[in-house]
Enquirer: 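Mind looking over this structure? Questions follow.
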Amino acid sequence: MSTQSAAARTERSSASSSDRTVSLGDPVQFLPGVGPQRARALAQLGVTTAGDLLVYFPFRHDQFQPTLIRHLEPGQTVTVVGRVVRVRLSAGRGRQSVSATIVDNSAQCTARWFNSPYISDRICAGSVVRLSGKVGEYEREPQLVNPRLEVLEADAQPVDEQTGAFLEPVYHASADLPSSAISRLIRLNLDRLTPQVEELYPEAFITQRGLTPRRDAVVRMHRPANVLEGDAARKRLAYDELLAMQIVVGMARRRRRYVESSRPLRVSREIDRRIRRRLPFALTRGQEAAVREISTDLAADRPMHRLLQGDVGSGKTLVAIYAALVAIANRAQVAIMAPTELLAEQLFRNADRYLAGSRVRRALLTGAASASRRRQLRAEIAEGELDLVVGTQALVQDGVEFARLGLVIVDEQHRFGVRQRMTIRCKGPSPHYLVMTATPIPRTLAMTVFGDLDVTTVHGMPPGRSPIGTRIVLPRQIDAAWKLVRERVAAGEQAFIVYPLVEASDAVQLKAATQEAERLAAEEFAGIRVGLVHGQMRGDVRDRTMGDFIAGRTPILVATTVIEVGIDVPAATVMVIQHANRYGLSQLHQLRGRVGRGDRPAHCLLVADSAEDAMNARLGALVKESDGFRIAEEDLRLRGPGEVLGTRQHGLPELRVADLLTDVSLLNMAQRDAKSILENDPALASAEFRRLRESIWQRYGDRLELAATG
Ligand code: ADP
Ligand code: MG
């Protein structure tokens, strides 16, 4: 029996349980090295079973390169990695010292610690150590004096024999459990657990794609022998994640295509003509193309699930309204859902404008309506007496059953709560779905997050847009900003001044914005009319203030981010965004899209909180870039998909290994493979993919069940 397993056995019996094999589903506490305290710290990192620990992968490997002992020169400060050959404790000349002889592949040296006898408890012959410190000389040999000591794993090996470089896994850690402790724990248990890792695919499938076998990939992810091997391991595991995800969305898509049915909503020539008569503009080419795609979907007897994306100002609302009018012309009910009350009101106002004088029965359903009014609206919806309902998601979904719902339009803005759309209730066939997003999504993300949706992109902008000059302004330069505002106002143009209000209910921020508006009106803009709008204002007051600004009676509007969602004033040419560094990149882009809608040059001034904040990468990106898609990609790069999408909200488990920004070709491969697998085996019922099916069920079970019950 090897010394290693003997040691492991001792540790295990002292850890807790019996001598039986710990299986991947067992609590992590059954493992050697994990006591109750460790188990608690691990649980906080999401690791509760032995299997969780095994797939708790490092997020990177640090490469460090120790100096070869042969190259040590007195006077240098170095890091050396080597094996301890001998340890001696001596008490010569009143000074106690521990000395150790260390060898690497090149030579040997000694390390000496004075007045630190405990060192001799930490190392013994055979220990692999990393020492950092200054090189001295003793009896014509290099010697490290009082170096910092780190004991490495006994099997720690350089990844490169020539240079002696090491790879060190770095794990997401916590204050209670540093990366090095996780690393030790995993190394202690890796060989014990990996034999239980099962392959997911048939052998031919693996060799054809040049994938590392899964068991090897798990081991090498934690303990790569070299960089290339580690990379191949990561790719294999990333592919597994992406394939599972593509299978899940592929199943949802197929189910929709072949199982669900819905009422076809057809666009006759007459209907098209009637709708266009109501619209205030001729559609742009981008809008035309979008309308064509959507009309084709609506006319089918299976439900449309389409994402409508396009840069801010590209005119998505008009496209959505067109779709709504098609449904209504087919005597179907339409529900439009917005993420906030404010957005719902905005959408309703737009729809209301286009429908003026029509017989379409429409209503706004928000929390502002009284309980009895809401009850009444719900009854009318259930009776089929309302054709169009606009409201917040919660209100439209909660306790309402539609009589003949034909189309659901979800305005996501930049919240990605799409999964909720499944829960709206209606009698009869499934409704068609159109999801609008104001944040254009890079293709890789659309494929995962919205993988079960078809995507329509509105390309191009309505005519007559002018470019927006964007600049970063420091607080001490703010006078120049006010001067620009005064000049443009004197020239008959208008300005927005925006304050961040992350939550519409934040009283402190609201007060600050209000006071600042009053100060600006009294001082900087004395003699000019300044309006103020914010989310907590009474609806009629806000409408009046907005109305004054839109009509040009109030040249300056101080606003919290409520203006983000759709006021449209061609004469507005200046936007000053205060505390700009506190906003997200996409949000800033949305805000900026409120100017530059006329034919005069527009300005966007980003006021940073400090010179340091002015260096903010988001602000820099905004100055450089005006294309919403590229901005979205940059946002993704800066914040990561989890942050941008809100992992919890979009309902997909986090990708632990795959990187949506860089694993594009893996994602493409996974998508192709998922498609062909499902074509041959739609339910994944065959024996060759049994393990894949089980692993997907384990990971996505809830969601599949949801999809299965509709
Ligand atoms: P998005 O929601 O895509 O950001 P909107 O739907 O709010 O954009 O449209 C932006 C502005 O462009 C609105 O003021 C809208 O009235 C205007 N608009 C939309 N379509 C056209 C068009 N075809 N021609 C001219 N203006 C248009
Ligand atoms: Mg919009």
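Counting starts at 1 for both ligands and their atoms, following the listed order.
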Enquirer: Distance alone, cut at 3.5 Å: any donor-acceptor contact between the side chains of Q309 and T437?
Expert: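 Distance-only check fails for Q309 and T437.
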Enquirer: Assign the ring pair W482 / F525 to parallel, tilted or perpendicular, where the plane angle (0 to 90°) is split at 30° and 60°.
Expert: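 Perpendicular, since the angle between the ring planes exceeds 60°.
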Enquirer: Using non-hydrogen atoms of the residue, decide whether S314 is closer than 4.0 angstrom to ligand 1.
Expert: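 The answer is yes: ligand 1 sits under 4.0 Å from a heavy atom of S314.
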Enquirer: Would you please say whether a donor-acceptor pair under 3.5 Å links the side chains of D613 and H579?
Expert: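 D613 vs H579: no donor-acceptor pair found between side chains.
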Enquirer: Please identify which atoms of ligand 1 are closer than 4.0 Å to at least one heavy atom of T284.
Expert: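 In order of number, 23 (N).
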Enquirer: N/O to N/O below 3.5 Å, does that happen between G315 and ligand 1?
Expert: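 G315 vs ligand 1: N/O contact under 3.5 Å present.
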Enquirer: Using a heavy-atom cut-off of under 4.0 Å, does the side chain or the backbone of V458 touch ligand 1, or both, or neither?
Expert: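 V458 to ligand 1: no contact under 4.0 Å from either part.
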Enquirer: Which ligand 1 atoms, with their elements, are less than 4.0 angstrom from a heavy-atom of L318?
Expert: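 Result: 20 (N).
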Enquirer: Can N616 and N581 be said to form a side-chain hydrogen bond (donor to acceptor under 3.5 Å, both in side chains), step by step?
Expert: CA-CA 7 Å; N616 185 313; N581 48 285; 5.8 Å; no
Enquirer: Identify, by atom number and element, the atoms of ligand 1 in contact range of V312, meaning under 4.0 Å from any of its heavy atoms.
Expert: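 Ligand 1 atoms under the 4.0 Å threshold to V312: 4 (O).
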Enquirer: Using distance alone, decide if ligand 1 has a nitrogen or oxygen within less than 3.5 Å of any nitrogen or oxygen in R594.
Expert: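 Between R594 and ligand 1 (N or O atoms, distance only) the closest approach is not under 3.5 Å.
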Enquirer: Measure from atom 23 (N) of ligand 1 to every heavy atom in A282, G460, G286 and give the option owning the shortest one.
Expert: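 Among A282, G460, G286, the closest heavy atom to atom 23 (N) of ligand 1 belongs to A282.
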Enquirer: Which ligand 1 atoms does R597 reach within 4.0 Å, using its non-hydrogen atoms?
Expert: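 Going through ligand 1 atom by atom, the ones under 4.0 Å from R597 are 10 (C), 11 (C), 13 (C), 14 (O).
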Enquirer: So how far is it from Q587 CD to L591 CG, rounded to the nearest 0.5 Å?
Expert: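 Going from CD on Q587 over to CG on L591, the span is 6.0 Å.
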Enquirer: When you compare ligand 1 with G313, is there at least one nitrogen or oxygen pair between them that comes in under 3.5 angstrom?
Expert: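 Yes: some nitrogen or oxygen of G313 is under 3.5 Å from one in ligand 1.
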Enquirer: Can a donor-acceptor pair be found between the side chains of R306 and T456 at a distance below 3.5 Å?
Expert: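 R306 vs T456: donor-acceptor pair found between side chains.
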Enquirer: May I ask you to decide if T554's main-chain N or O and Q494's side chain share a donor-acceptor pair within less than 3.5 Å?
Expert: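 Yes; at least one donor-acceptor contact below 3.5 Å.
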